[in-house]
Protein chains: 2
Amino acid sequence: MPQPPAPRRTAGRPARISREEIIRTASRIVSEDGVDRLTMRRLATEVGSTPMALYHHVRDKEELLVLLLDDYADRSLHRPEPPPADPRERILTAAVAIHDVLAACPWIVEVLTADDLLSASALWFVEQIVAGLADCGLTLEQAVHGYRAIWYFTAGEILVRATSARRRATDDRPTYRDRVFAGLDPAELPHLSRIAPRWAPLTAQDTYEQGLRALLDGLLDQAPG
Amino acid sequence: MPQPPAPRRTAGRPARISREEIIRTASRIVSEDGVDRLTMRRLATEVGSTPMALYHHVRDKEELLVLLLDDYADRSLHRPEPPPADPRERILTAAVAIHDVLAACPWIVEVLTADDLLSASALWFVEQIVAGLADCGLTLEQAVHGYRAIWYFTAGEILVRATSARRRATDDRPTYRDRVFAGLDPAELPHLSRIAPRWAPLTAQDTYEQGLRALLDGLLDQAPG
DNA sequence: ACCTGAACACCGTTCAAGT
DNA sequence: ACCTGAACACCGTTCAAGT
């Protein structure tokens with residue numbers, strides 16, 4: 001499994017802090033206090049060093065965050081044993097696995113959009129999805145596009161839900177959405193007006209898998225026959 | 001159309017700067033130099049005032065960003081005239097309109113996840129989607145869930161694409177993705193290895209509408225008959 | 001090669017006071 | 001009611017120097 005190259009340590013002064021120690025400590029800070037509280041300065045003092053020492057092991061804060069997400073995914077993503085025989089179920093299982101792991105750590109939001117792939121250990125799940133789509137009759141190109149669609153849906157669900165959840169937690173005042181929904185004009189927006197009182201509970205429901213199934217159904221219809 | 005309440009101006013000292021002026025100037029800064037360069041201090045000097053004067057017209061920076069997105073959507077979202085007669089096409093048209101407007105302003109990323117609705121003027125488009133889904137035979141509940149699925153997909157596509165585009169622009173060094181894809185094991189990840197050389201151009205293609213159609217097909221299959 | 005101290009160039013926001 | 005000055009409590013990162 002390819003990992004980002006650690007700085008070579010050939011000769012000279014022995015290292016006092018290691019990349020692993022940095023990542024381990026950063027993970028603890030994030031899980032205890034949230035990403036917002038992870039600063040280079042605090043991280044430095046908690047590993048018993050100075051801010052600048054960190055920059056010897058990590059290019060900058062953004063790289064640190066990517067490494068953190070990577071480390072988390074490596075520890076949390078578990079392959080289903082055995083993988084389902086049906087390709088359609090294999091796709092669903094893989095997508096749900098990625099989704100659930102990411103949805104469980106809300107701090108991901110800042111990092112998630114940084115690139116369209118996660119850790120090396122996540123690639124196995126991507127392979128399952130692409131392979132499953134191909135097994136269902138899509139061309140390899142269509143399968144890649146299909147994977148991307150699933151990824152967009154998954155990332156969007158996590159980002160939108162994570163942020164609105166954080167909002168609800170931090171904020172007691174009514175959201176902008178609440179204010180807008182309170183003043184709907186039934187003549188212009190009949191459906192929204194009718195559903196307005198049920199909007200909040202409805203959108204609080206977890207419909208990821210349901211939406212995923214719909215998307216997958218639609219994608220598989222592209223296959224000939 | 002409900003708007004967030006502006007601070008009442010009844011008596012006392014006449015206002016030197018207005019909320020509109022703040023939003024107008026902030027929009028200009030963002031469009032010229034990007035969101036990152038929008039600071040309360042700079043905004044203050046550009047409207048010819050002090051940082052603290054801004055806080056009299058706007059609760060905090062986050063509210064300012066939401067107001068900015070709102071203002072942008074109000075100016076940019078145009079209703080199709082006439083709306084397509086076919087409900088399926090009406091849904092697609094509305095979703096694509098929202099997508100295209102948001103995709104055109106990459107700074108949105110920071111704000112987009114803040115809530116699951118945009119400006120009041122976007123509600124008309126939400127209504128079109130919910131109404132179209134209901135017209136195709138979904139229950140109102142199913143239609144709301146369907147709208148959410150479309151929104152997740154749309155938001156995810158914009159967020160992921162906007163960030164990877166920004167990455168490509170800022171960064172010359174190969175991305176993490178490139179490094180990972182260069183070292184794939186064909187035995188363990190056969191499909192990914194085979195498609196690796198074509199991955200970058202494939203995922204650079206705009207497949208939003210194609211994915212949206214697949215998702216919509218899948219959603220409409222939920223309707224009885 | 002690895003680490004440190006001091007500094008640079010900033011942030012958003014609060015507070016107390018002015019008119 | 002609206003605005004100001006000064007300060008608080010921070011940031012990430014660069015630079016030059018130490019061992």
Side-chain angles (χ1 to χ4, degrees), chain A residues 4-23 25-26 29-30 33-69 107 110-111 114 166-167 170-171 173, chain B residues 4-26 29-30 33-68 107 110-111 114 166-167 170-171 173:
Chain A
R8 285 167 210 305
R9 196 164 310 118
T10 46
R13 195 162 166 171
R16 210 143 40 213
I17 53 176
S18 67
R19 194 175 223 184
E20 293 100 87
E21 192 189 351
I22 291 173
I23 293 176
T25 309
I29 294 175
V30 164
D33 293 340
V35 226
D36 294 347
R37 309 301 264 278
L38 176 68
T39 71
M40 299 302 269
R41 287 154 198 267
R42 174 168 171 193
L43 178 55
T45 67
E46 296 219 4
V47 297
S49 186
T50 63
M52 276 320 299
L54 302 177
Y55 287 87
H56 217 269
H57 298 85
V58 148
R59 190 202 306 263
D60 53 21
K61 194 180 179 180
E62 199 185 319
E63 186 185 273
L64 175 65
L65 287 173
V66 173
L67 289 173
L68 232 49
L69 176 53
W107 60 270
E110 264 93 320
V111 200
R166 182 163 53 183
R167 281 233 140 190
T170 351
D171 241 337
R173 58 192 153 118
Chain B
R8 289 170 206 299
R9 195 166 308 117
T10 45
R13 196 162 164 171
R16 214 152 26 221
I17 54 177
S18 67
R19 194 175 222 185
E20 293 101 89
E21 192 189 353
I22 291 173
I23 292 176
R24 202 180 337 118
T25 308
I29 294 175
V30 164
D33 293 339
V35 226
D36 294 346
R37 308 301 263 279
L38 177 68
T39 70
M40 299 303 268
R41 286 156 198 265
R42 174 168 171 193
L43 178 56
T45 67
E46 296 220 5
V47 297
S49 186
T50 63
M52 276 320 298
L54 301 177
Y55 287 87
H56 216 269
H57 297 86
V58 148
R59 188 200 311 259
D60 52 22
K61 194 180 180 182
E62 200 185 318
E63 186 184 274
L64 175 66
L65 287 173
V66 173
L67 289 173
L68 232 47
W107 61 270
E110 264 92 322
V111 200
R166 182 162 55 182
R167 281 233 139 191
T170 350
D171 242 336
R173 60 193 152 116

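Below, chain A is the first sequence line, B the second, and so on; all start at residue 1. Source: prediction; values computed, not measured.
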>> It should be established whether B/S49 places a side-chain nitrogen or oxygen under 4.0 Å from OP1 or OP2 of nucleotide D/dT4.
In response: yes

> Can a side chain N or O of B/H57 be found less than 4.0 Å away from OP1 or OP2 on D/dC3?
Replying inline: yes

>> How close do B/A44 and B/T50 get, counting heavy atoms only, and between which atoms?
In response: CB-C, 3.3 Å

>> In this structure, how many angstroms lie between the P atom of C/dC10 and the CG atom of B/D36, rounded?
In response: 14 Å

> Under a cut-off of 3.5 Å for both distances of each Watson-Crick or G-U pair, what dot-bracket string does DNA chain D give, using [ ] for crossing pairs and | for inter-strand pairs?
Replying inline: ||.|||||...|||||.||

> Below 4.5 Å, heavy atoms only, C-beta onward: do B/L64 and B/R59 meet side chain to side chain?
Replying inline: no

> Are the side chain of A/H57 and the backbone N or O of A/A53 linked by a donor-acceptor pair below 3.5 Å?
Replying inline: yes

>> If you define the side chain from C-beta out and look only at heavy atoms, does anything of A/L38 sit under 4.5 Å from A/D33?
In response: no

> Mind checking what makes side-chain contact (heavy atoms from CB on, under 4.5 Å) contact with B/E21, not counting sequence neighbours?
Replying inline: B/I17, B/S18, B/R24, B/T25, B/V47

> Quick one: does A/M40's side chain get under 4.5 Å of A/D60's, heavy atoms only?
Replying inline: no

>> I need the minimum non-hydrogen distance between A/W107 and A/V35, along with the two atoms involved.
In response: CB-CG2, 2.9 Å

> When every nucleotide of nucleotides 11-16 of chain C is labelled 5' to 3' by its protein contacts under 4.0 Å (heavy atoms), B for base, S for sugar-phosphate only, - for none, what sequence of letters results?
Replying inline: BBBBB-

> A/E46: what forms a side-chain hydrogen bond (donor to acceptor under 3.5 Å, both in side chains) with it, not counting sequence neighbours?
Replying inline: A/R28, A/R42

> Mind checking the P distance from D/dA9 to C/dC10? Whole angstroms is fine.
Replying inline: 22 Å

